[in-house]
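Since the structure comes first, as structure tokens, the remarks are kept for the end.
Reminder, nothing fancy here: chain letters follow the sequence lines and each chain counts from 1. Since the structure is predicted, the reported quantities are computational estimates derived from the model, not experimental observations.
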2 protein chains.
Amino acid sequence: MKLSSPVASDHRLPRYQRLHDEFSARIAGRQWKPDEPIPTEAELAATFSVSIGTVRKAIDALVAAGRLERLQGSGTFVRRPKFGSSLFRFFRFEGREGEKLVPESRILKREVIEAPQAVAAALGVAVGSPCIHLNRLRLIDRQPLLLESIWLQKSRFNALLEIDPREFGDLLYPLYEQYCGQVIASARETLTAEAVGSRNARLLEIAPGSPVIVIERLALSFDGQPLEWRRSHGGADQFRYHVEIR
Amino acid sequence: MKLSSPVASDHRLPRYQRLHDEFSARIAGRQWKPDEPIPTEAELAATFSVSIGTVRKAIDALVAAGRLERLQGSGTFVRRPKFGSSLFRFFRFEGREGEKLVPESRILKREVIEAPQAVAAALGVAVGSPCIHLNRLRLIDRQPLLLESIWLQKSRFNALLEIDPREFGDLLYPLYEQYCGQVIASARETLTAEAVGSRNARLLEIAPGSPVIVIERLALSFDGQPLEWRRSHGGADQFRYHVEIR
DNA sequence: GAGTGGTCTAGACCACGGT
DNA sequence: CCGTGGTCTAGACCACTCA
């Protein structure tokens, strides 16, 4: 089997597993780009000298993992990460009539500051290295919902300093991509709860000491490099999280 | 294809899908019992007059859903529900040395009481119908960790009233199975957070008004009947929940 | 060694999407 | 209509478990 990219793949592994790793690398390496079709199953089978069934099994796993999407009759496509499973979706992101919407964003602060210890550890940089720090308030129907503290490595995101924060818009990740060439591919989130401090209580317009949900997110590039770390607070009464257990 | 049990299964569906439904029904109907092997793939293929590949595809889905477990060389087994994905596992269930353990259980109250509105709705019974209500405290290293309010339909769980609560042991579900013949097969959980009331604060030995995680669980039988509803409180500082997002 | 699931093949035919 | 993925088959051989 010939591999177009130098993937460390043990030849004792099953073929479908090696194919899976190869395809996965092509998605990560952006040789197969989001929203574009990958080669047909028959082409892949011929390219790698395996049967179609084996190609299908490799693709099955990537579809199950949400990295590819099959469309019968038209092809198999690289799925753009949608963060559909983020914990944030369990906040009430609805307007007055219950329709889903993107919260309005207000940048409260933008500063260049030396990375404190916790941030440095999360981003994998040295303590004290220069970072961009944003404070952002997110609102639904003019009501404060979430307060976010966002940390970025200055060297990667310098371009952000040249834009007026009032023109950031409501979503940051498209901004990162457009101005800094940094694409967020995945994230890890941690949920905790605590009593809100007086400053955050004022900004969120809730009673001091009332419970808030705290979500920490480390957002990563395609190759697993930490790009952004954020810590978000939101009133606990705006949050409900569901799971099914079998 | 002959079906041993009367499953409503549209014959226009793919064969593997119909097989999946049939197998699923056999697990739910306990014709295939937990920890026992199901017939071999070859036998199933012969029984249903399909090829082994089709049987495998049906089994694949049930394995992915955690209902079956394959053991190469020995067979495919019905998996006993393990509740491994419960939100409760994100509480610190460790002893002093960090080892995982089952919390000690202390039944604080057992009463027969008419179902209040919320309980009746969850259990699918009439408001005011007789229920068994338990209050239970769960402790690690003698430290209170969780406070649980548990509701059961009296008619199904009458046998519980004949046992001394001090002999309940640390786990309820085996008790339900042994004394009442009621088997918990799945559950739905909802996580919220709130400020703790004074009574619960005293029992949990935390400051009044401090944040608590609240987990509501509706536990279901194999055929989807609600059997138990519980509402659990635990100090938020004991809780951390993680997810990966793609 | 007999029997289980695990991998893989090469082909057939179907259902769907676009042209 | 052609090309795509979706279903299904009948077989081969491998890897593992257990007696």
Quiz item: Rounded to the Å, how far apart are B/L68 CG and C/dG5 P?
Solution: 11 Å

Quiz item: Does A/K57 place a side-chain N or O at less than 4.0 Å from the phosphate oxygens OP1/OP2 of C/dC8?
Solution: no

Quiz item: Between B/R18 and B/E22, does at least one N-O distance fall below 4.0 Å, as a salt bridge requires?
Solution: no

Quiz item: Could you give the CD-to-P distance, from A/E41 to D/dT7, as a whole number of Å?
Solution: 11 Å

Quiz item: Could you state the NE2-P distance from B/H20 to D/dG6, rounded to the nearest angstrom?
Solution: 18 Å

Quiz item: B/L145 versus B/L139: any side-chain heavy-atom pair under 4.5 Å?
Solution: no

Quiz item: Please give, in whole Å, the distance from C/dT4 P to B/R70 CZ?
Solution: 14 Å

Practice problem: Answer yes if the ring centres of B/Y241 and A/Y241 are under 6.0 angstrom apart, and no otherwise. | Solution: yes

Quiz item: Roughly how far, to the nearest 0.5 Å, is the CD atom of A/E148 from the CD1 atom of A/I107?
Solution: 8.5 Å

Exercise. In whole angstrom, give the distance that lies between atom CD of A/Q72 and atom C1' of C/dG17.
Key: 9 Å

Self-check item: Nucleotide nearest B/V50 (side chain, heavy atoms from C-beta), chosen from D/dT7, C/dT7, D/dT9
Solution: D/dT9

Quiz item: A/T54 has a side chain; which of D/dT4, C/dC8, D/dG6 sits nearest to it?
Solution: C/dC8

Quiz prompt | Minimum-distance nucleotide (side-chain atoms of B/S51 versus D/dT9, D/dG5, C/dG6) | solution = D/dT9

Quiz item: Starting at the 5' end of DNA chain C and moving along, which residue's nearest nucleotide shows up first, B/T40 or A/V55?
Solution: B/T40

Quiz item: How many Å lie between CD on B/E69 and P on C/dG6, as a whole number?
Solution: 11 Å

Self-check item: Separation of atom CG in B/L71 from atom P in D/dT17, rounded to whole Å
Solution: 9 Å

Quiz item: For A/Y16 and A/S74, take the nucleotide of DNA chain C holding the closest heavy atom to each; which residue's nucleotide lies nearer the 5' end?
Solution: A/Y16

Exercise. Please determine, for the side chain of B/T76, which listed nucleotide (C/dG5, D/dG5, D/dC8) has the closest atom?
Key: C/dG5

Quiz item: Out of C/dT7, C/dT9, D/dC8, which nucleotide sits closest to the side chain of A/R15?
Solution: C/dT9

Quiz item: Taking CG from A/D60 and P from D/dG5, how many angstroms apart are they, rounded to a whole number?
Solution: 12 Å

Self-check item: Reported CG-to-CZ distance for the pair B/L44 and B/R56, which is rounded to 0.5 angstrom
Solution: 12.0 Å

